[in-house]
Amino acid sequence: MSLDFEFIHEEGLNTDKAVLLFHGMTGSPYEMKKYGQFLHGLGYDVYCNCLPGHGDKVEEIYTVTYQDWIDYACSKFKELKSKYKEVYLSGLCLGAVLAIAVAEKYPDEISGIVALSTTLFLDGWRLPWYKVLIPIGLSTIERFYYTYPECEPHGIKNERTRAVVKKLLEKSEVGMSDFPMTCIFELLKLSRYVRNKNRLSNVTTPILFIHSEEDDLTSPKSAKVIYEGISSSDKDMIILYDSYHMVLYDNEKDFVFNTAGEFFNSHSKIKECVPC
Amino acid sequence: MLTKVFKYLFVINAIILASMITYGKLFVFRKRKPQFVSDYCATIAIFIAIYSILSIVFAWLMPTTNAKLIMLAFALSPFAIGLCATYHTEKYFTLIQILLVAISAIYVVL
């Protein structure tokens with residue numbers, strides 16, 4: 001069963017604006033679905049596919065590289081750019097970093113980016129005591145043995161939602177239940193790639209960062225590093241105070257949806273769907 | 001006296017490290033629950049760190065330049081192996097890692 005989704009307006013209604021969504025590490029398009037439906041309701045065509053190494057080909061998670069992710073994201077963006085006048089990007093976690101990587105290559109072609117829980121550094125409060133050993137784990141043969149187990153609070157502060165997500169993770173229906181170290185290794189390589197000062201200063205795309213102060217996986221430092229490094233004159237950062245990492249599912253999800261929607265709408269020159 | 005103490009520490013650490021990697025490869029990695037694997041790997045990481053530090057200490061204590069260089073090579077070997085290994089070749093490099101740890105213990109004793 002494919003977890004990919006596309007919310008496209010019916011034939012005969014020319015929307016001309018699209019949002020390309022990128023899910024998080026070891027996640028799937030499922031985690032972006034409600035967000036995608038919301039944006040679709042605002043008049044956008046929305047696309048979200050499994051990143052390389054995720055979804056049906058889960059064994060590829062051990063061999064996928066950060067360059068595969070970048071190549072995929074860029075090719076998807078170019079594909080949509082050939083069909084739509086305005087293309088926006090939005091991503092969660094790894095997805096947010098990918099959106100920035102695309103912006104470094106095509107800064108003037110993206111209409112806007114909403115980066116959610118941008119993950120450059122793994123410095124959240126739920127990481128175990130031995131997180132100081134991560135550099136050893138990453139640089140030795142251990143990289144192929146270790147998987148970081150998905151554990152409480154699963155990135156969600158709201159306990160009811162967390163219980164539901166936990167059940168879904170146990171069935172592995174919506175994503176992997178742990179993070180292979182090889183994948184973390186590639187995420188950190190992607191982080192170094194994106195943080196390159198020369199590349200970061202290429203970014204002039206309007207960007208909105210949304211990050212939780214209490215993010216259990218990655219602190220707001222990740223978003224701040226990008227915010228301070230980019231050359232965009234139109235940039236903003238919103239810090240949430242009642243959510244953890246999975247901001248699309250947590251206590252402030254409505255606020256996140258509405259804020260992202262307002263951001264896209266305020267940057268769109270196409271105000272409504274028009275019949276062809 | 002100090003050299004003897006470090007020798008014993010090095011050999012014990014090497015035996016534990018080689019045993020843990022071997023046991024882990026056979027019975028733990030991708031076989032046990034993720035939390036257990038996580039804790040097990042963290043413990044191996046500690047022994048790798050101790051192994052590298054003790055190798056550097058021995059590099060300092062060794063009398064000849066060749067011996068110093070050999071000990072430095074042992075100290076860096078886990079990281080060199082990590083650099084060279086891929087998902088498809090990690091079995092072979094695991095074997096090489098275990099053998100290198102064993103050889104270093106023998107070298108230090110001799």
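Per chain, numbering begins at 1; letters A, B, ... match sequence-line order. The figures here come from the full heavy-atom set of this structure, side chains too, leaving out hydrogens, waters and symmetry mates.
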[X] atom [atom1], neighbour heavy-atom count above 12 within 6.0 Å:
| X | atom1 | value |
| --- | --- | --- |
| A:Glu152 | CD | yes |
| B:Lys91 | NZ | no |
| A:Trp125 | CH2 | yes |
| B:Tyr8 | OH | no |

Write down the atom of [X], the atom of [Y], and the distance for their closest heavy-atom approach.
| X | Y | answer |
| --- | --- | --- |
| B:Ala42 | A:Leu133 | O-CD1, 3.5 Å |
| B:Cys41 | A:Glu142 | O-OE2, 2.7 Å |
| B:Val37 | A:Tyr146 | O-CD1, 4.5 Å |

Inset, instruction - Show your working on side-chain contact (heavy atoms from CB on, under 4.5 Å) between A:Tyr145 and B:Val28 and close with a plain yes or no. - result: CA-CA 9 Å; A:Tyr145 310 152; B:Val28 176; over 6 Å; no
Inset, instruction - With the side chain counted from C-beta on, respond yes when B:His88 and A:Thr63 share a heavy-atom pair under 4.5 Å apart, and no when they do not. - result: yes
Inset, instruction - Could you tell me whether the side chain of A:Phe144 reaches within less than 4.5 Å of the side chain of B:Thr94, counting heavy atoms only? - result: no
Inset, instruction - Using non-hydrogen atoms and a 4.5 Å limit, figure out which bit of B:Leu83 sits close to chain A: side chain, backbone, both or neither. - result: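 The backbone, not the side chain.
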Inset, instruction - Could you tell me which portion of B:Ser52 (side chain, backbone, both or neither) has an atom closer than 4.5 angstrom to a non-hydrogen atom of chain A? - result: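 Neither part.
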Inset, instruction - Any chance you could measure A:Ile141, atom CD1, to B:Ser77, atom OG, to the nearest 0.5 Å? - result: 11.0 Å
Legend entry - Distance in Å, B:Phe79 CZ paired with A:Thr140 OG1, rounded so as to fall on 0.5 Å steps: 7.0 Å
Legend entry - A:Ser139 portion near chain B, given a 4.5 angstrom heavy-atom threshold: both
